[in-house]
Amino acid sequence: MRIESVELKQVQLELTAPFTTSFGTTLRRPCIITAVHAEGETGLGECVAFDGPWYSYETTTTAWHVMSDFLIPRLLEANIAEPEDVWSLFAPIRGHNMAKAALEMACWDLIARCRGVSLASLLGGTRERVPVGVSVGIQPSPDALVETVGHFLDDGYGRIKLKIAPGADVEFVTAVREAYPSALVQVDANSAYTLADTNTLQQMDHLDLLLIEQPLSPDDIVDHAWLQRELNTPICLDESIHSPDDARHALDLGSCRIINIKPGRVGGHNQSREIHNLCLSRGAPVWCGGMLETNVGRAHNVALASLPGFSLPGDISASSRYYAQDIAGPGFSLNDDSTLSVPTGPGIGVELEHGIAWDRSATFRAQHHVSVS
Ligand code: NPG
């Protein structure tokens, strides 16, 4: 298959409520959508980079640059037989996994649509519904957190992830555990701690948590291995895992027992599936992380999470979690069993809404393709 053209489109979305993590408060989300065109079909992807280098060194500006100047030219010159070819095509470019994923995932969607199959089935998914949870930002007080968690439990979320940071940890999580003794709760530090905080992290061992996510530095797997030996609660790595090799090293070293797979962080579906397969063969559970995606990225995550090794609930909430009005639809709503249904139509099963006022857009056309109008 020859890709005929690629479009990049950017828009800024307001969150329905501020979202606070250990690295700051998010009020609005810049979002880049990728659209790849071939054989009369369009595949969609979403770049999960933020406006600043907080979660990762990538930003919307670097991603736009790397896609425009390095990745799209390669894509437009290539002949793609299988979706796996796209990752190999991008391999000579170092890093920039979020930029790569935005295009690679759009190609998976495109190929699924051309073949008339759902993305979930093209990826090898086996579930019709994927278990999901909700991520809860840091709140001003333990009482406020208990109240916020109560609303999400009332909404039907069967698993709660609490963001933590020094000063908003043991007391906050203890309050939630006391208020909701049987709730499935996990915590996410986004690298806010060091080994000097081991004692604090050990105090959370008594709170019956599913996991502690990324307590230490974003690229570390050595100190995490030391910390895991000091904790009963499983460590889950997020920021530290950029590739299947990173995942293998972390499991070999005992740096974690669980891995969060975000396709944007690891370069797309091909690499996500490799990490999934490795973890499945090692008996390590994986779950799908979230990056406050619109329905485009959300649909990709739902399809990925339908693979058999995604045995823990993902950060894939219902579409209404972050945005009053999404740029794509149909949206996802929560089923009674805290799952989202996996779309069965061609591709991701989601289309862009008409009439969106994009802040910027660009179209790149292949030299080989002559448009006839
Ligand atoms: O529900 O999509 C979602 C967000 C889940 O908490 C979430 N993402 O580190 O995993 C993370 C986290 C994040 C939040 C990352 C804000 C970056 C910014």
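Index from 1, following the sequence. From a predicted model like this one, the values you see are computed outputs, not experimental measurements. We count ligands from 1, going down the list as the structure has it; atoms in each ligand are counted the same way. Basis for what follows: all heavy atoms, side chains included, without hydrogens, waters or symmetry-related copies.
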remark   = In this structure, atom 1 (O) of ligand 1 is nearest to the protein heavy atom Y322 OH, 2.7 Å

query = To which protein heavy atom is atom 6 (O) of ligand 1 closest, and what is the distance rounded to 0.1 Å?
reply = S135 OG, 2.7 Å

key: Exercise: do E7 and S361 side chains pair donor with acceptor under 3.5 Å   = no

query = For residues S319 and D326, is any side-chain donor paired with an opposing acceptor at under 3.5 Å?
reply = no

Polar side chain donor-acceptor pair, S240 to Q214, under 3.5 angstrom = yes

key: Under 3.5 Å: donor-acceptor pair, side chain of R265, backbone of N260   = yes

Between Y55 and D238: side-chain donor-acceptor atoms closer than 3.5 Å = yes

remark   = Among R29, E239, Q214, K262, the residue with a heavy atom nearest to atom 10 (O) of ligand 1 is K262

ask   = Taking the minimum heavy-atom distance to atom 18 (C) of ligand 1, which of F50, W54, Y55 ranks first?
value = F50

ask   = Which one of M291, E293, K163 has a non-hydrogen atom at the shortest distance from atom 11 (C) of ligand 1?
value = K163

task = List the closest protein heavy-atom neighbour of atom 14 (C) of ligand 1: residue, atom name, distance to the nearest 0.1 Å.
result = F19 CE2, 3.4 Å

ask   = Can you find a heavy atom in the side chain of H269 that is under 4.5 Å from one in the side chain of W87?
value = no

task = Return yes when R298 approaches ligand 1 closer than 4.0 angstrom through a heavy atom, no otherwise.
result = no

key: Donor-acceptor contact present, side-chain E147 to main-chain P142, <3.5 Å   = no

key: Criterion salt bridge (charged side-chain N to carboxylate O under 4.0 Å, His left out) on D315 and R298, from CA distance to verdict   = CA-CA 10 Å; D315 274 349; R298 200 164 294 279; over 6 Å; no

request  = Say whether T21, considering both its backbone and side-chain N or O atoms, lies within less than 3.5 Å of an N or O atom on ligand 1.
outcome  = no

message = I need the contact type for T26 against ligand 1. Using non-hydrogen atoms and a strict under-4.0 Å cut-off, is it side chain, backbone, both or neither?
response = neither

inquiry  = Suppose I only count heavy atoms of N190 and a 4.0 Å limit; which atoms of ligand 1 are within that range?
reply    = 9 (O), 11 (C)

message = Please list, in number order, the atoms of ligand 1 under 4.0 Å from a heavy atom of D188.
response = 9 (O), 10 (O), 11 (C)

note = Min over G297, G290, S56, S22 of heavy-atom distance to atom 8 (N) of ligand 1 lands on G290

ask   = Should you measure from each heavy atom of L292, which atoms of ligand 1 turn up under 4.0 Å away?
value = 2 (O), 3 (C), 4 (C), 14 (C), 16 (C)

key: Worked check of salt bridge (charged side-chain N to carboxylate O under 4.0 Å, His left out) between R273 and E104   = CA-CA 13 Å; R273 212 170 46 168; E104 194 251 16; over 6 Å; no

